[in-house]
Amino acid sequence: TNGWVCEHRWPAIANMIKFRAVTVGQGVKSFTNIAKNQISFCRGTKGFLAINNSDRDLNATVNACLPDGVYCDVISGNLVNGVCTGKTITVSGGKAAIEISRFSDGILATHVEAKPSLCTCNA
């Protein structure tokens, strides 16, 4: 009512604060211009981010720079009791097949501390 929206309380924003904390000091690497207004990049070997700001779906296999495994997308959900509540990102051989619909939030992100211990999801 006083003009404050409190974006810092939104789950995706709070999770990106954690992303920043986990990746601090890690440089940008493997920056990929996938297509017009579609990019991905790593923050060292600690984090991965992809953005789709186009009117087309993003479907690509890109360098994710993380150890192999399944990771929670910290934009669409959280890591709760060892389980992802949102989408997952699977890294194999340092690469991830990513999909970001043009109708979605347009971003996915993960980091090394967003790795579920119990995965009941489809990776």
Side-chain angles (χ1 to χ4, degrees):
T1 60
N2 63 4
W4 288 95
V5 179
C6 299
E7 287 94 343
H8 67 286
R9 295 183 186 174
W10 298 350
I13 300 298
N15 288 345
M16 286 308 290
I17 293 168
K18 173 72 174 188
F19 179 93
R20 166 74 165 102
V22 171
T23 63
V24 69
Q26 300 287 308
V28 172
K29 68 184 227 181
S30 292
F31 184 93
T32 304
N33 187 0
I34 301 162
K36 184 177 180 184
N37 294 317
Q38 297 178 340
I39 63 169
S40 70
F41 61 90
C42 304
R43 289 292 307 270
T45 58
K46 302 282 186 179
F48 170 75
L49 181 103
I51 300 171
N52 181 11
N53 190 34
S54 76
D55 59 357
R56 298 174 60 178
D57 293 343
L58 185 160
N59 292 294
T61 299
V62 296
N63 289 325
C65 310
L66 300 173
D68 288 358
V70 176
Y71 296 85
C72 301
D73 169 23
V74 298
I75 300 299
S76 66
N78 292 300
L79 178 60
V80 178
N81 297 322
V83 178
C84 298
T85 62
K87 299 176 193 170
T88 59
I89 302 161
T90 300
V91 177
S92 179
K95 296 189 178 289
I98 58 171
E99 297 178 5
I100 305 175
S101 167
R102 66 184 176 271
F103 302 113
S104 70
D105 292 333
I107 187 169
L108 64 83
T110 193
H111 53 78
V112 293
E113 293 185 16
K115 198 168 184 180
S117 56
L118 305 168
C119 189
T120 59
C121 45
N122 294 326

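Hydrogens, waters and symmetry mates play no part in the numbers below; they use all other heavy atoms, side chains included.
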query = Do the side chain of Asn15 and the main chain of Gly77 share a donor and acceptor less than 3.5 angstrom apart?
reply = yes
inquiry  = If hydrophobic clusters are built from ILVMFWY residues whose side chains come within less than 4.5 Å, do Leu58 and Ile75 share one?
reply    = no
task = For the pair Thr90 (side chain) and Val70 (backbone), establish whether a donor and an acceptor sit closer than 3.5 Å, ignoring hydrogens and angles.
result = no
ask   = Rounded to the nearest 0.5 Å, how far apart are NZ of Lys95 and CG of Asp68?
value = 12.0 Å
query = What's the spacing between Asp55 CG and Arg102 CZ if we round to 0.5 Å?
reply = 7.5 Å
inquiry  = Is it true that, when you exclude Arg56 itself, more than 12 heavy atoms of the residues, nucleotides or ligands shown sit nearer than 6.0 Å to its CZ?
reply    = no
task = Step by step, work out the side chain to side chain contact (heavy atoms under 4.5 Å, CB included) result for Phe48 and Cys65.
result = CA-CA 7 Å; Phe48 170 75; Cys65 310; over 6 Å; no
query = Are Phe19 and Val28 connected, step by step, through hydrophobic side chains (Ile, Leu, Val, Met, Phe, Trp, Tyr) whose heavy atoms are closer than 4.5 Å?
reply = yes
task = Indicate yes or no for a side-chain donor-acceptor contact from Ser101 to the backbone of Glu99 under 3.5 Å, with no hydrogens or angles considered.
result = no
ask   = Do Lys115 and Leu79 touch side chain to side chain, with heavy atoms closer than 4.5 Å?
value = no
note = Taken to the nearest 0.5 Å, the spacing of His111 NE2 from Arg20 CZ works out to 13.0 Å
ask   = Are Leu49 and Ile39 co-members of a hydrophobic cluster defined by side-chain heavy atoms under 4.5 Å apart?
value = yes
key: Pair Lys29-Thr45, side chain to side chain contact (heavy atoms under 4.5 Å, CB included): steps then yes or no   = CA-CA 9 Å; Lys29 68 184 227 181; Thr45 58; 3.8 Å; yes
message = If we count only N and O atoms by modelled type, under 3.5 Å, do the side chains of Asp57 and Asn52 hold a donor and an acceptor together?
response = no
remark   = Scanning both residues in full, the closest heavy-atom pair of Arg43 with Gly25 reads NH2-N, 4.3 Å
ILVMFWY network linking Val91 to Leu108, side-chain heavy atoms under 4.5 angstrom = yes
query = Which pair of heavy atoms, one from Ile100 and one from Ile107, lies closest together, and at what distance?
reply = CG2-N, 4.0 Å
query = Are Val74 and Leu66 linked, directly or through other ILVMFWY residues, by side chains that come within less than 4.5 angstrom of each other?
reply = no
message = Does any part of the side chain of Val62, heavy atoms only, come nearer than 4.5 Å to the side chain of Ser30, both counted from C-beta?
response = no
message = To the nearest 0.5 Å, what is the distance between CG on Asn53 and CD on Gln38?
response = 9.5 Å
ask   = What are the two closest non-hydrogen atoms of Asn63 and Cys42, and how far apart are they?
value = O-SG, 3.7 Å
ask   = So how far is it from Lys36 NZ to Ser54 OG, rounded to the nearest 0.5 Å?
value = 9.5 Å
request  = Mark yes or no for whether Thr85, through its side chain, and Asn78, through its backbone, hold a donor-acceptor pair below 3.5 Å.
outcome  = yes
task = Identify the heavy atoms of Ser76 and Asp73 that sit nearest to each other, and give their distance.
result = OG-OD2, 3.0 Å
